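None of these values were measured; they are calculated from a predicted model.
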Amino acid sequence: MTNNDLLKYLTRVGFIGYGLLHLALAWVAAQIAFGQGGEEGDQSGAFQKLAEQPFGEVLLWFVLICLVALALWQAILAIWGHTDVEGKERVMERVSSGARVVVYAVLAFTAGKVLFGAPSSSAQQQQEAAAGIMAKPAGEWLVGLAGVVVLGFGIGMLWYGLKRKFAKKLHFAGPRGHEAATRAGQIGYAAKGVAFGIVGYLLIEAAVKNDPQKSRGLDAALHTLAGQPYGKFLLLAVALGVVAFAVYCFFQAKYRKVGS
């Protein structure tokens, strides 16, 4: 099942769409850095930016199909895949694949809402959800715990990139492309790790100060970064890092191991 040729092809095309999404997200972040961002600084804002481009509807349909393909691929890996490893490592890989299914599916759902003219504010929904949780007994602790988890995820992603742990999932027939793909992956994962780390920190701060407005996810993280001393340059650095991740996605379309 995991070595189906059609599945492999759809997965490789899927990485192209995922890369386009990150290019749009980087563009939104850059606009925030220059004080021109009208869209939210998260994936929903990135989808709206894609929709505004020439042939935007076709482009958004392409990205949506790519995300569905990636979700399907990870679902198959979660059930039948990762046979190249054993024991606890296989369990962890399958759990990770299951988590990626959720990520890709949520992104596809968000893209679909934009495509069908019913976009919603992801940041606002996150803020309202946090407010609802904090209104309940021990709610602040739950939000704070979520912040710790997201902060840990960001640190883990930073480590994953800097240590080149992603490289074992790439296959190169020769030296061509190896160095460029590795550098793009390092920078890209590091930038995303920093962004998620800020999201986690803001969730913790929201819990401590009982301020749901700080729990607006990536949108809050980018705007918070922009408001710091030299924030424009820091945010532009993150935007360039997200561009690097997009480039890494394009490399994955050719070099990612998609079987087993």
Side-chain angles (χ1 to χ4, degrees), residues 13-56 58-64 66-67 70 100 103-104 106-108 110-111 114-115 119 121-123 126 150 153-154 157-158 160-162 166 180-202 216-228 230-254 256:
V13 174
F15 282 120
I16 296 174
Y18 200 44
L20 290 176
L21 169 59
H22 281 82
L23 285 180
L25 183 58
W27 178 246
V28 171
Q31 286 189 307
I32 293 173
F34 289 109
Q36 300 174 354
E39 296 86 358
E40 289 182 2
D42 56 13
Q43 290 87 348
S44 62
F47 286 130
Q48 292 178 46
K49 177 59 66 178
L50 284 172
E52 294 170 0
Q53 306 310 307
F55 306 102
V58 175
L59 190 61
L60 200 52
W61 266 114
F62 174 73
V63 173
L64 172 59
C66 287
L67 291 169
L70 290 174
R100 293 187 188 103
V103 171
Y104 292 137
V106 169
L107 288 174
T110 304
V114 173
L115 191 59
S121 170
S122 298
Q126 292 172 51
V150 175
F153 177 76
M157 186 173 285
L158 180 64
Y160 185 80
L162 295 179
F166 57 87
T182 302
R183 291 300 181 193
Q186 278 187 298
I187 297 170
Y189 274 111
K192 292 187 69 173
V194 169
F196 277 106
I198 296 173
V199 171
Y201 170 79
L202 290 175
R216 293 173 61 87
L218 189 58
D219 177 68
L222 297 183
H223 281 92
T224 297
L225 193 59
Q228 304 307 307
Y230 305 104
K232 176 192 294 186
F233 302 104
L234 293 173
L235 189 49
L236 284 175
V238 170
L240 289 174
V242 175
V243 170
F245 189 84
V247 173
Y248 173 67
C249 288
F250 299 146
F251 276 115
Q252 287 190 94
K254 183 174 182 180
R256 178 65 182 259

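In this pair, Y160 and F166 present their aromatic rings tilted. The plane angle is within the 30 to 60° band. In this structure, H22 and F245 have tilted ring planes: the angle between them lies in the 30° to 60° band.
A distance of 8.0 Å separates CD in Q228 from CD1 in I198, rounded to the nearest 0.5 Å. For the atom pair CG (L67) and OG1 (T110), the distance works out to 9.5 Å, reported to the nearest 0.5 Å. Atom CZ in F47 sits 9.5 Å away from atom CG in L25 (nearest 0.5 Å). Here the straight-line distance linking atom CD1 of I16 with atom CD of Q252 works out to 11.5 Å at 0.5 Å rounding. L59 CG to L64 CG: the interatomic distance, rounded to the nearest 0.5 Å, is 11.5 Å. The CG atom of L236 sits 4.5 Å away from the CZ atom of F34 when rounded to the nearest 0.5 Å.
Nearest heavy-atom pair, A111 versus L60, reported as atom, atom and distance to 0.1 Å: O-CD2, 4.0 Å. Shortest non-hydrogen contact noted between A191 and V238 is CB-O, 3.9 Å. Residues L50 and A24 share a closest heavy-atom pair of CG-CB, 3.7 Å. Closest approach of A239 to A29, counting heavy atoms only: CB-CB, 4.1 Å. In terms of heavy-atom proximity, C66 sits nearest to V13 at SG-O, 3.3 Å. The heavy-atom pair separating I32 from A226 by the smallest distance is CG2-CB, 4.2 Å.
For the pair W27/V243, no side-chain contact is recorded, criterion being any heavy-atom separation below 4.5 Å from C-beta on. Residues L107 and Y18 have side chains in contact (heavy-atom distance under 4.5 Å, counting atoms from C-beta outward). Counting heavy atoms from C-beta outward, Y189 and L162 have side chains that stay 4.5 Å or more apart.
The aromatic ring centroids of F15 and F251 lie 6.0 Å or more from each other.
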Please lay out, stage by stage, how Y201 and V150 fare under the test side-chain contact (heavy atoms from CB on, under 4.5 Å).
-> CA-CA 8 Å; Y201 170 79; V150 175; over 6 Å; no

